[in-house]
Amino acid sequence: MINISLSGMLRRPKPTDSEADLLREQQELQAAGGQSTVAVVKRPDKRRGDAAAADAQDQRNQRDVVTIEDELPTLTPAPPKKSRFKQERVRFEDEDPGERLDRHDTHISAVLSRIIERDTSAVPVSLPCITGTAFPKALHRSVMESEGQERAPKGRKSIFARQIAAQRAKKEDSSASRHVSLSPLENMETERPESNVMGKCCHIPLSFSWLTKACLISDWASVTDRVGGPVLLTGQGLGIANSGMETMKIHEENQTKLQAMSQSEILEEQRKLLAQLGPRLVDFVRSRRAQRTPGSESASGPVQREDFLNEPLPNSTSPQLDHTIKAQESQWDTMEEDEEDENQLGAQPPITEKELPIKPQKEWLHMDKVEPEKLEWTRDLPAPREQSTKKAMQARFDFAGTLIPPTKDLPTHLGLHHHGEEPELAGYSLQELFLLSRSQLNQQRNLAISTLANVLAKARAGEYISSLKGSVLSSLLDAGVLFLLRFSLDDSVEGVMSAAVHALRALLVSSDGECLDNAFSWLLGMATFPLLPTAQEDEDEDDEGLDETMKETTKEKEEKKTDHDVARQDVVKGFLKMQGLPRLRYILEVVRPSPRVVLDILEVLIRIARHSTAAATQILDCPRLMNTVIAEFLPCSWAPATSQAPSSLYGLPVALAMKLLRVLASAGRHACARILNSLGGKEVLSRFVVVEPSEMLLEAGEALRCSTEALRLFAVAASYGQACNLYTDLYPVLVKRLQAGNWWCASSEAVLPLELDPIRALLVLLTQVTQTAGCHEELQRDLVSAQGAECPPPPPVVWSHVTGLQPTVISSLKGCVRALDGPAQMSSALILLPSYLLYMEAYYSQLCVQSSFQPVQCLQELESLTSDVLLPLISHQAMQNITSCFRSSSMICNPRLSAAGGDVVSSLPGLDCSRMKTTSTIAGLNSPLPLPTALLYLLNTITSIHKGLIKKFSPLILSDSVLSYLRSCIGAMPSVSHMSAWILCHEHHLLYLLLRLAHKLVSVDPEVAKHATLFHQVSLALVSWLLPGSEYQAHELMSVVTFSHSLLPEGVCGEPEMAALAELQLKDRTSPTVGALLRDALHHLPSIRGCYLTHLAHMESSVLSSRDRYLGRTPFVSSHLLPELTGPSLPSDWPFLPLISLYERMGLSAGGGHQVESLPAGSVQSVTNCLQWLLVLESWREQALTAVPPVAKLARLACVFLCSSDLFLERPVQELTWVLFRRLTRPAQLEALDLGSPPPGLASFHDLYSALLAQYEAVSFGDPLFGCFMLLPLQRCYSVTMRLAVFGEHVGMLRSLGVPLQQLPIPLEKFTSPMEDSLPLLRLYFRALVTGALKRSWCPVLYVVAVAHLNAFIFSQDAVAEEVEAACRSLLRKTYYLTDEVLKNHLLLFQLPQQNSELGFSTYEQLPPIRARRLESIVGTEVKGGEK
């Protein structure tokens, strides 16, 4: 114990004091006679038990306590420290610190000191038996075998446990025999578990025991007569001493009651209880009867239920009861089939010595006696049995990932039975594979991860979809397979590491590469969508209400997320967050694995690079990763491979490494520059472009792939305007390879597509170089005029560098067209033709903007090209065969083709090309898309330069297959996903080019003009389909095609005069006809087009980026990764865009009005143009708006009233809105109008209606148009909440809701039928009528509605609830006593609604008899009673 006190007289020692200072201070303290501030007291240990414990007893309250005698000097207080643990503890002021320490003392002595003896005073003491022997008799095995066999209970127990159980059972028998003499059953015993069960059952009230006997009286009544005592009840569990006597009393009472019952009563009770009792309980009771019946089987033998089922009932002759019991037993058998299947393994007979795989020898110690229970595990497993149940079973897989059927019997030497659960079934479940993957044995880890890799590969391929319920891939990802593979990558064993890499490749990589590589040479084939998950996170609730500057950025939110959260949303991003790239670099650089692992790692890196620009940048930023790839797998010199499958890829060129560079370069201009300049990409290109594939000293296929990927990388660099110096340096080599490209024409056999890939890649390269050279003069002019402003520098390649390529390309192009006639060369020609055509388009599109352009010579060349190449190609049978495949192969016309063929999860998107290649040819080498697209691309360029050639190409548009394809596109609803988007883009290019050419032909060819309506309908649909990256095509369609007069032939045919608006009968104004409005809309088509293009100005940057990519302005292209796929570029309701934009700018989400002066300039004209275009579409192009549901149309049209206080009062706006509203309320449209589903962009229609109600009360001025909008949702078929809102919260608006009945475009029956069943609304109807809030002169429509519903309610004859009937009587009584005779007569004499009559309904001249009787029954009695 330490006591510390402070003295204010002497100075305290300081840390800086020396020994001399300390000694001097000690002497001063002693001289002053002061006491020491520290006293050390030894506390005795109370556990030692010595005398010191007694001396320390008086100091127990001062132990381990620090006290301060003097006050400390005043100090500046420090901020209090808060402890999170202190808040959880409760302390009391008078609590002794020593007791608190004792409570927390966990020493073994303290624990043992708290032992409290159990109170056994109430437990009976069992005295030992008095015997004549000094010691108890020892238990011998021989005694057990001879005497205890029959008494031993079933089950696997030791010899000692069986002997004790037999003695206990014998003691119970002897105890029962002292109370009840049951001599015939003395030697019988039941199984102990069943006795316990029935002992618990006997705890029910004793009055129910006779029902139990009655239930089975037909089975054992004769037995009880013979034995003279109860069979079922033993008395155990009663808790009394004379339980046997009490049991006999119960038995006698049961016998008395049974004798008093008739046979029919007994059978009825038996039927009831057989239906209530479980099958196990009935089996037990019957087994007791079988055991106690003389001559029955031994208690240890099995009791068969069939013996009792087939046995005739002793006391019953009723066949109906036999049928009932058999039906009940069959039902029980069905219920227990599953349990019998599960217990089949345990029901096998014990193993015999002959079945042992190894025979025991006499010399073996303790093996002289066979114990079957201990040797059960050595026997063969039973054959798998087909389950009779339909419940799902656990999936099991073999080492190849193949799903094993549960009934398949496989030999055990395959190693598929080493699992604890269901040992008879072959294969391993996913849980068992996860467990094995964390084993300490290397072989088990390797085997488990390899099996998981095979399972993942087959799941991605969709092999389990028809066999398994749920998604295997989703289950594995939810279980954490990504984390498992990441941990396995860190394994020190190379085999496990290699298996983890293979599994990672199976998880991340799908069969996308082949399709994208094939499409590389198509029009805009370099552009791909990033493989980002489409699901977006919800807004963080913590950021709600904060200023934009206070909200967390996306990067900060990402950094706060855990690895699990990131991986759950995006698997690739989760792998990057777990530092997967450095580990892959370590495996490549240090481990130097086998070829298969190297290829798997390269494929994983390619998949990560396709994820996004950020992921590609991380690959480039990973230290030494790309340096290792280039140095080891793209060397500039290498030794020839000694075999077809080398043991190591290090030091040899690998095509996948070159492909990785190409994919990384496609991610962005800066990434490409880093590869070319920092990583030595130019030297690699020079090495692999110069050398012919046959001279690369590699396997032939690998050499072709390396050469192809090198040319593709070169083409990607040229598409940014980079590596142009390399083109000039390698010009002779490239021209030589171009001239040698026709070698396949002389071949008599079909050429492999792999051999044609280098030619296609070379043509793509030359196309990009030509486009770059065509931009040189433009950039040069911009550089001069920029005067210091930022401008891309002109490329080093000029137009003269590419002019020499055109003759060679034209010669090869003519050779391809001629080769179409040869059966062996046709397929090769069809593959190469698109690349040649795309080069010709790039050449002529750039030629016409050059200063050296010679128009006459160019026109002659185009005429020659048309007559020699293009027209023969268009009329060729091969081209007709391709166009005939448009409809069957179209992804737009056949949305089922885009359905996922494999296992797809949202966090790991892929292209899943395997299904497309099997179900359609659209994604393969024989795709019908590339050749027509390239041909139309060239034709549009040619017709822009030489307009005299336009009419020559009309046969292509007028072909039956093309027109049929266009008709199929109308009304199609293609689904957009990562699997379909990439091919949909190419099909959109085809449709866009078809429409551009058709638009040019409409004005020059009358035959094509006949199909102008078809072309216009397709253009309207295509605008809504175009995906991100195609904004330029959407802009061009809207600028040239969509609002073109030539594609609206209805304006010339007199159709505007077919409809009129006179039936509206607007007061004090002349209503123009629909024809006049349509003519005016056609006259203002240029203004309408300008309005929509203005409202798309926010997409300007996207349009410019898309234009540069589409027109080949290579110096301005920033990336070949398209914007993130979030759906089409324009919404399906884009015709309403000006209305929606104005509503959002005014910020009227909660209603309220603005003065028209506050509207932006030109708003009225913008709204007018929008309504005019909507009128044109609703009149002639109704199919274009089928994607917009009617409720969305109504919600968008309501913006006219919410944008301003009087915008809807402007004459052109009101006239057009009237026409659109009437079209929206046509019978077919009304049937489809569902106000219960929320409109797109709104939480519910009720919220919008609430805003409209507030706006109507504020600024409507009783306008009939606005009033019709308010009445439309009050129809009987819609929600009652909107009617309650009008008659409850906004009852004041009824005074101004004066829409005449004749002007209402909706049938009145829609409001009055069926009868209203909302009691609160009926009360509100009555209150509004009685108080005068609802009058016929103010609101005629709702007056009729209220009167009709109240009349139907008060005279209803239907059976209703008591509360409703009371309300009905009350309203009828109040109606009868109304002082307003007019209202009273309307309510009592209402007959039918008539919209054209003055009142709006017809009335009876007098009260019909049935109504009179109803009124008499409720009111007449009270009247007479009052008179009395």
*Asks:* Quick check, are the ring centers of Phe1043 and Tyr1092 under 6.0 angstrom apart?
*Replies:* yes
*Asks:* I'd like to know if Arg1107 pairs up with Glu1031 as an ion pair, taking the criterion as any Lys NZ or Arg NE/NH1/NH2 lying under 4.0 Å from an Asp or Glu carboxylate oxygen.
*Replies:* no
*Asks:* By the ring-ring contact (aromatic ring centres under 6.0 Å, His included) test, which pairs, at least two apart or in different chains, include something from residues 845-886?
*Replies:* Phe886-Tyr965
*Asks:* For Val716, does its backbone N or O pair with a side-chain atom of Ser719 as donor and acceptor, under 3.5 Å?
*Replies:* yes
*Asks:* Quick one: CD1 on Ile957 to CG on Leu939, what's the gap to the nearest 0.5 Å?
*Replies:* 8.5 Å
*Asks:* Under 3.5 Å, is there a donor on one side chain and an acceptor on the other for His1120 and Thr528?
*Replies:* no
*Asks:* Is NZ or CZ of Arg1109 both nearer than 6.0 Å to the six-membered ring centre of Phe1116 and within 45° of the ring axis?
*Replies:* no
*Asks:* List the steps and the verdict of side-chain contact (heavy atoms from CB on, under 4.5 Å) for Leu1014 and Ile970.
*Replies:* CA-CA 8 Å; Leu1014 173 63; Ile970 300 175; 3.3 Å; yes
*Asks:* Show the atom names and distances, to 0.1 Å, of all donor-acceptor pairs under 3.5 Å that link a side chain in residues 752-764 to residues at least two apart or in another chain.
*Replies:*
from: Glu755; atom 1: OE1; to: Leu752; atom 2: N; distance (Å): 3.2
from: Asp757; atom 1: OD1; to: Arg760; atom 2: NH1; distance (Å): 3.2
from: Arg760; atom 1: NE; to: Ser521; atom 2: OG; distance (Å): 3.2
from: Arg760; atom 1: NH2; to: Asn518; atom 2: O; distance (Å): 2.9
from: Arg760; atom 1: NH2; to: Asn518; atom 2: OD1; distance (Å): 3.4
from: Arg760; atom 1: NH2; to: Ser521; atom 2: OG; distance (Å): 2.7

*Asks:* Is the backbone N or O of Ser961 less than 3.5 Å from a side-chain atom of Thr883, with the two atoms forming a donor-acceptor pair by type?
*Replies:* no
*Asks:* Take the angle between the ring planes of Tyr843 and Tyr839 and call it parallel below 30°, perpendicular above 60°, tilted in between.
*Replies:* parallel
*Asks:* What about Trp522 and His986, are their ring centers closer than 6.0 Å?
*Replies:* yes
